[in-house]
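Taking it in order: structure first as structure tokens, then the write-up.
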Amino acid sequence: MIPGAFEYHSPTSLDEALSLLKQHSGDAKILAGGQSLIPAMRFRLAVPSTLIDINGLNDLRYVEERGDHLAIGAMTLESSLEDAAVVRQSYPLLHDTALVIADPLVRNMATVGGNIAHADPANDHPATMLAYNATVVAKGPNGERTIAIDDFFTGLFENALTEDEILTEIRVPKPGAGSGGAYTKFERKVGDYAISAAAVQLKLEGNTIAEARIGLTNVSAVPMRAPGAESALVGKSADAGTIEAAGQAAAAECDPSPDLRGSVDYKRDITRVMVKRSIDKAVARAKGGN
Amino acid sequence: MSEHEVTVTINGEKITKKVEARTLLVHFIREDLALTGTHIGCDTTSCGACTVIVRGKPVKSCTMFAVQADGADIETIEGLAAGGELHPLQEGFWEKHGLQCGYCTQGMIMSAKGFLAENPNPTEDEIRHGISGNLCRCTGYNKIVEAIQYAAEKLQAAEGGE
């Protein structure tokens with residue numbers, strides 16, 4: 001399958017990329033890792049007339065703690081996220097996620113910024129970043145702005161970026177003492193989209209859950225949090241009854257579509273189980289386990 | 001239509017060609033460079049039959065444009081056997097019966113070459129994780145894992161012997 005013809009640009013600076021984007025406003029697509037865009041172009045689901053390849057912007061590739069957050073450059077490869085010591089040590093939810101995104105070959109090309117900007121509810125980072133309460137940084141002709149992750153996903157494949165903006169960084173708040181997180185994904189095989197997956201980030205005070213955020217993958221048209229499941233946890237003791245109630249709340253509030261991966265009822269029940277497993281693991285990690 | 005001059009170093013040989021921007025790297029390798037050892041399997045970024053090593057990392061050449069490889073070092077299966085002698089990975093697949101129909105084999109080998117460069121002494125689990133982007137419909141994978149273990153040991157021994 002051959003993609004439609006397009007004009008290709010490979011800027012060497014962010015400013016050059018932004019000016020190209022402005023110049024071709026409306027019909028240009030940013031090419032990051034291309035692991036979603038190029039398949040879509042082969043199927044002619046996407047037929048952009050101009051591609052602006054930002055793989056030359058190597059200064060957008062970094063993963064480091066800065067002040068109160070982990071800063072991830074938009075062009076950071078998924079494989080570098082998987083290998084980053086800081087992620088493995090301090091951001092277990094993010095590390096879990098990095099290990100199960102697509103497959104190792106795709107992760108050698110795919111980028112964190114692309115995964116988020118694509119705004120595909122079947123992608124894994126949206127749920128994880130919702131659970132982390134991350135912030136997205138975007139740059140446009142009028143400078144830089146930050147967008148709360150809760151405001152970022154506006155529709156299926158739609159995000160809050162304007163046509164002349166480029167996502168440049170993702171900021172993940174540093175988890176405080178007593179925090180734990182986990183991502184659990186159920187997939188038919190490596191590389192397939194999730195049947196369902198759950199990202200959980202919580203904070204314990206003693207055995208009481210003081211804070212919790214939960215993001216769900218591929219069970220809604222827009223990447224979603226599970227507010228009912230979150231409120232089933234907050235203020236409660238981290239015991240089996242509480243965790244089951246949260247799983248059931250998530251199963252009820254998600255909105256999956258039936259497809260070759262299963263029926264609605266099946267996906268709801270898998271969601272219940274994924275949420276419970278993620279909470280179990282997050283609680284264990286908050287208590288210092290793995 | 002936008003045409004671009006692309007220069008790649010493929011298996012050590014530097015080549016410059018004009019390509020249309022939409023030319024996928026796998027088509028460039030197979031059709032423009034006539035290196036047909038790299039296969040097209042699924043055309044949907046699923047199977048890994050088109051795996052080649054670009055800038056040191058194994059990637060799916062069906063999910064990258066040739067123009068993106070401008071200036072890159074590329075390794076394909078054709079570059080593996082040195083002076084007519086099989087690479088330890090090729091020998092491993094031969095000795096351990098790591099293939100049946102053979103369609104996925106070069107992708108498996110290029111993936112394995114990529115991750116063995118970073119982790120020369122992998123556990124069985126790490127090998128399975130490493131080839132999880134490559135599909136095989138014949139072997140059930142066990143023989144492929146054994147083939148890669150064989151190659152890892154042989155490469156390690158060669159390293160130690162130097």
Side-chain angles (χ1 to χ4, degrees), chain A residues 1-10 12 24 28-29 31-56 58 61 77-80 82-83 98-111 114 187-193, chain B residues 1-6 19-27 31 40 42-72 107-108 110-112 114-115 118-119 125-136 141:
Chain A
M1 290 174 290
I2 316 282
F6 56 87
E7 199 183 301
Y8 173 84
H9 299 277
S10 51
T12 52
H24 298 278
K29 285 288 284 179
L31 175 64
Q35 303 299 289
S36 296
L37 179 58
I38 296 175
M41 289 175 68
R42 278 190 318 229
F43 283 116
R44 307 272 176 133
L45 295 170
V47 195
S49 57
T50 302
L51 277 194
I52 301 168
D53 177 2
I54 59 169
N55 283 281
N58 286 321
R61 301 187 201 270
L77 297 179
E78 300 291 1
S79 55
S80 348
E82 189 181 340
D83 295 339
L99 288 173
V100 297
I101 288 171
D103 66 51
L105 302 168
V106 168
R107 292 198 291 272
N108 280 336
M109 288 289 289
T111 65
E187 57 187 359
R188 297 181 304 169
K189 64 170 189 63
V190 169
D192 191 20
Y193 294 116
Chain B
M1 187 168 96
S2 85
E3 265 209 334
H4 300 263
E5 198 169 84
V6 170
V19 297
E20 210 186 328
R22 63 173 164 169
T23 306
L24 296 167
L25 181 60
V26 70
H27 292 138
E31 289 160 27
I40 298 173
C42 65
D43 233 353
T44 56
T45 320
S46 305
C47 78
C50 64
T51 304
V52 301
I53 296 178
V54 179
R55 300 183 179 101
K57 299 266 190 193
V59 299
K60 294 178 178 175
S61 62
C62 76
T63 313
M64 178 173 177
F65 295 111
V67 64
Q68 293 183 271
D70 187 33
M108 290 286 179
M110 298 316 285
S111 271
F115 72 74
E118 287 179 8
N119 179 8
D125 276 353
E126 286 167 345
I127 292 174
R128 288 183 185 275
H129 182 77
I131 57 168
S132 60
N134 298 83
L135 299 184
C136 171
Y141 300 99

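Every chain is numbered from 1 and lettered A, B, ... according to where its sequence line falls, protein lines coming before strand lines. These values consider heavy atoms only, across backbone and side chains, with no hydrogens, waters or symmetry-generated copies. Quick caveat, the model's predicted, so the values are computed rather than measured.
- For B:His129, the parts lying under 4.5 angstrom from a heavy atom of chain A are both the backbone and the side chain.
- Neither the backbone nor the side chain of A:Leu37 comes within contact range of chain B; no heavy atoms are under 4.5 Å apart.
- Note on A:Glu7, A:Met1, A:Met41: by heavy-atom pairs under 4.5 Å with chain B, the leading option is A:Met1.
- For B:Thr44, the parts lying under 4.5 angstrom from a heavy atom of chain A are both the backbone and the side chain.
- Residue pairs satisfying the salt bridge (charged side-chain N to carboxylate O under 4.0 Å, His left out) criterion with at least one member in residues 50-69 of chain B, sequence neighbours excluded, are listed as follows: A:Asp103-B:Lys60, B:Lys57-B:Glu118.
- Scanning all heavy atoms of the two residues, the minimum distance from A:Phe6 to B:Ser2 falls at O-OG, 3.2 Å.
- Closest approach of B:His27 and A:Ile2 over heavy atoms only: CE1-CD1, 3.6 Å.
- Judged as a ring-ring contact (aromatic ring centres under 6.0 Å, His included), and not counting sequence neighbours, B:Tyr141 has no contacts.
- Closest approach of B:Ser111 to A:Leu105, counting heavy atoms only: OG-CD2, 3.1 Å.
- Nearest heavy atoms, A:Asn108 versus B:Pro58: ND2-O, 2.8 Å.
- Side-chain contact check for B:Thr63 versus A:Val106: every heavy-atom pair is 4.5 Å or farther apart.
- B:Gln68 places a side-chain heavy atom less than 4.5 Å from the side chain of A:Asp53.
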